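Okay, so here's the structure we're looking at.
Sequence positions, counted from 1, serve as the residue numbers for this chain. This one's a predicted model, so the numbers in the text were calculated from it and none came from an experiment.
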Amino acid sequence: MKIIAKLLITLTFLALLSACQNKFDDDPRPRMVITFHKATRVSTPISLLRESMVLPLSKTNVTVDKEGFITSLDIERVDFARDKTTDGAYIDGFFFTLTGDGAKKLAQAIGNSMGNLIVVRLISQDKDKPMDILIGARPVFKPDYTNQFFVISEYKVSSDHEMHKFVQELNDSISLARDIKAEEKNNIWGGR
């Protein structure tokens, strides 16, 4: 029953972004939804709750829970991050700062995902740039109880400039999601 309720919440959020037939119609911010999902590298039977996807850069096949446990509304911001490994190489990724609720959801999901992955999915409903891809992944080996989460990038760009532009689009889409949610709440409770 919880799964159905969460699925309905996610579908409602997606419908809000696609509908947007109000003051946000002409808003230039990208209409993208960012979601975090539990995933495994092990090929498990696909069902109504799980689907097979491929991480774009590493070409790793993963089985992903269809239900995301974090959405754009649980994210405060995204930053581009570059981390140096012990062998001197660099790893590019995304540094997510989560809301308080987002941090609680992440801690709970990590507790249930030890030895597996957390993947970040991006669904864009922009006419010019539709997509449904995994943009990042992180193996889970230990608990994480903070509101900050680094994810290794699986999004291919040709330059740091393009990556910074993409990250700005992610932040703009988070801002738009918050504004739509606030407008919806305002309309439900007797606002305009």
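Taking Ile, Leu, Val, Met, Phe, Trp and Tyr as hydrophobic and joining them when side-chain heavy atoms fall under 4.5 Å apart, one finds Met53 in a cluster with Leu55, Val62, Val64, Leu117, Val119, Leu134. Other members of the cluster containing Val54 do not exist, because no ILVMFWY side chain is joined to it at under 4.5 Å.
Taking the side chain to side chain donor-acceptor pair (under 3.5 Å) definition, one finds that Asn147 meets it with nothing, sequence neighbours left out. A search for side chain to side chain donor-acceptor pair (under 3.5 Å) contacts involving Asp132 returns Arg121, not counting sequence neighbours. Partners of Asp79 by salt bridge (charged side-chain N to carboxylate O under 4.0 Å, His left out), not counting sequence neighbours, listed by chain and number: Arg77. Under the side chain to side chain donor-acceptor pair (under 3.5 Å) criterion, Gln168 pairs with Asp172, sequence neighbours left out. Applying the side-chain contact (heavy atoms from CB on, under 4.5 Å) criterion to Thr86, with sequence neighbours excluded, gives no partner residue. Listed by chain and residue number, nothing satisfies the side chain to side chain donor-acceptor pair (under 3.5 Å) test with Asn112 (two or more places apart in sequence, or in another chain).
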Check: residues 93-101 side-chain donor-acceptor pairs under 3.5 Å, at least two apart:
{"unit_1": "Thr99", "atom_1": "OG1", "unit_2": "Asp74", "atom_2": "O", "d": "3.3"}
{"unit_1": "Thr99", "atom_1": "OG1", "unit_2": "Gly102", "atom_2": "N", "d": "3.0"}

Walk me through it: do Ile118 and Val151 pass the test side-chain contact (heavy atoms from CB on, under 4.5 Å)?
CA-CA 8 Å; Ile118 300 294; Val151 177; 5.8 Å; no
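A 4.5 Å side-chain heavy-atom check between Leu170 and Met32 finds at least one atom pair inside the cut-off. When side chains are defined from C-beta on, Leu122 counts as touching Phe166, because their heavy atoms get closer than 4.5 Å. Contact check for Glu76 versus Arg178: side-chain heavy atoms found under the 4.5 Å cut-off. Looking at Glu169 and Ser124, their side chains never come closer than 4.5 Å, going by heavy atoms from C-beta outward. Inter-residue side-chain proximity for Val78 and Asn171 is flagged as met; some heavy-atom pair is nearer than 4.5 Å.
The salt bridge (charged side-chain N to carboxylate O under 4.0 Å, His left out) analysis of residues 146-168, with sequence neighbours excluded, yields the pairs Arg82-Asp160. Judged as a ring pair (Phe, Tyr, Trp, His ring centres under 6.0 Å), the pairs with a partner in residues 51-89 (not counting sequence neighbours) are, in order, Phe80-His164.
Of the inter-residue distances, the one linking Ser113 atom OG with Leu106 atom CG reads 9.0 Å to the nearest 0.5 angstrom. Interatomic distance, Asp179 CG to Lys181 NZ, rounded to the nearest 0.5 Å: 13.0 Å. Atom OG1 of Thr40 sits about 8.0 Å away from atom CG of Asp65, to the nearest 0.5 Å.
The hydrophobic clustering, which links ILVMFWY residues whose side-chain heavy atoms are closer than 4.5 Å, places Met131 and Val120 together.
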